[in-house]
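Contents: one structure, followed by commentary.
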Amino acid sequence: MSRAVGEKLDRLLGRKNGLAERAAALAGRLRELRAWQAARLAQTYTDLRREESTGEAVSFFLSDVYGPQEFTRRDQDVTRAARLLKHALPPRMLEVLSMAIELEVLSAELDLEMAGRLPSGPLTAETYAVTYRAVGREDDRRLQIRLVVEIGRALARAVRTPLIGMALRAAHGPAHLAGLDVLQDFLERGFAAFRGLTTPERLLATIERRETRLMELLLAGGTVPSEAPQAGGSSLR
C-alpha cells in the first residue's frame, strides 16, 4: 500500500469517527431515512436485479456499496489491518476498498444532514424531496454517483487482471484467521459479482444515468417517481 493511499484511508476513517456522536443523536431518524433510501434503490433497479446478466452485480451495489447498513466491522478491519494491507491486497482491490470507504463516509455525511433536517412525521416522497433540496450539496451528490460508478469500473478492471482472483483466494484463509473476514468477504463478493458481467460499462452507464436523472429531478422541484423506472422498456438505458 502506498503512503498516499494509507494516509487517505486514515483521513476517511477519521472523518467517519467524527460523525459518531451526531449519528447516535439521530439514530432513529437515520435508520428510517436509510431504510427509505434502500427501498427506493430496490425499486429503481428491480429490472436489473431480475436479469441474469446483471443481477449479482446490482445486488452487490445495493447491499455492499450503496446499502443502508453500517459498515463498522469492515472499517474496524481496515484500521486493524492497515500495516498488513500492503502485502495482503492486490493494488486494484485496494483501490476498490479505498473508494468504497470514501463513498461510505460521504454518504454518511449527506444522510446525517438529511436526517437532521427532516420534518417530524412519516417520511414520504414529498418530505424526502423537500429535505433533499434543503440540503443541496449538488457537487457532493454528483461525487457520490461518480464514486459508485468508479468502484464498478475498478472491479471490472480487477477481474481482467491476471492473478488477482488467485491472490484473493489465497488470502481467504489467512484473512479469516486474522479476524479480517468482513473485509475479505466484501472484496470477494465484489470480484465475483463482476467476474460474470460481460458488459460492465453498459450497466455502470445505466446506473449513472438513472441516479443523475433522479438527482436533477429532485433538485429541480420534483419527487421520487412511484413507479419502477424503465418498466416495459430496455433495462440497460
Donor-acceptor pair, T212 side chain versus R209 backbone, under 3.5 Å?
no
Approximate separation, where rounding is to 0.5 Å, of E51 CD and L203 CG:
9.5 Å
Look at the side chain of T54 and the backbone N and O of L48, then say whether any donor-acceptor pair between them is shorter than 3.5 Å.
yes
Would a hydrophobic clustering, with Ile, Leu, Val, Met, Phe, Trp and Tyr connected at side-chain separations under 4.5 Å, put L143 with L103?
yes
Are F61 and V149 connected into the same hydrophobic cluster when the rule is that any two of I, L, V, M, F, W, Y join if their side-chain heavy atoms are below 4.5 Å apart?
yes
Are Q144 and D140 close enough, and set up right, to give a side chain to side chain contact (heavy atoms under 4.5 Å, CB included), and what steps lead you there?
CA-CA 6 Å; Q144 189 180 35; D140 284 332; over 6 Å; no
What are the two closest heavy atoms between A129 and L218, and how far apart are they?
CB-CD2, 3.7 Å
Can you give me the closest heavy-atom contact between T223 and E126, atom names plus distance?
CG2-CA, 4.2 Å
Sequence neighbours left out, what pairs pass salt bridge (charged side-chain N to carboxylate O under 4.0 Å, His left out) with at least one residue falling in residues 105-124?
R15-E109, R34-D111, E113-R117, E113-R137
Here the gap from L204 atom CG to F194 atom CZ, rounded to the nearest 0.5 Å, amounts to 5.0 Å
Do L147 and S107 come within less than 4.5 Å of each other through their side chains, counting heavy atoms only?
no
Can you tell me how far CG of L110 sits from CZ of R141, rounded to the nearest 0.5 angstrom?
4.5 Å
Out of curiosity, does L62 fall in the hydrophobic cluster containing L106 (side-chain heavy atoms, cut-off under 4.5 Å, transitive links)?
yes
Provide the closest heavy-atom pair for L112 versus A23 in the form atom of the first, atom of the second, distance.
CD2-CA, 3.6 Å
Between A193 and F60, what is the shortest heavy-atom contact and its length?
CB-CB, 3.9 Å
Heavy-atom neighbours of R133 CZ exceed 12 at 6.0 Å:
yes
Show, in sequence, the C-alpha distance, side-chain angles and deciding distance for R40 and E211, and conclude whether the salt bridge (charged side-chain N to carboxylate O under 4.0 Å, His left out) test is met.
CA-CA 11 Å; R40 193 282 293 175; E211 293 304 304; 2.9 Å; yes
Should the pair W36 and Y128 be assigned to parallel (<30°), tilted (30 to 60°) or perpendicular (>60°) ring geometry?
parallel
To the nearest 0.5 Å, how far apart are CD in E56 and CG in L197?
9.5 Å
Between E138 and R142, is the closest basic N to carboxylate O distance under 4.0 Å?
yes
L219 with I145, same ILVMFWY side-chain cluster at under 4.5 Å
yes
Side chain to side chain donor-acceptor pair (under 3.5 Å) filter on Y132, not counting sequence neighbours, yields none
Is a side-chain donor or acceptor of T124 paired with a backbone partner of T127 at a separation under 3.5 angstrom?
yes
Of all heavy-atom pairs between A154 and M99, which one has the smallest distance, and what is that distance?
CB-CE, 3.6 Å
Rounded at 0.5 Å granularity, tell me how far CG in L33 sits from CD in Q37.
4.0 Å
I'd like to know if V148 and L41 are part of one continuous hydrophobic network [Ile/Leu/Val/Met/Phe/Trp/Tyr, side-chain heavy atoms within less than 4.5 Å].
yes
Shortest non-hydrogen separation from L30 to A115 and the atoms involved
CD1-CB, 3.9 Å
Donor-acceptor contact below 3.5 Å, side chain R210 vs main chain T44:
yes
Check: V130 and P119 side chains under 4.5 Å, non-hydrogen atoms
no
Kindly write out the residues that satisfy salt bridge (charged side-chain N to carboxylate O under 4.0 Å, His left out) with E201, not counting sequence neighbours, or none if the list is empty.
R153
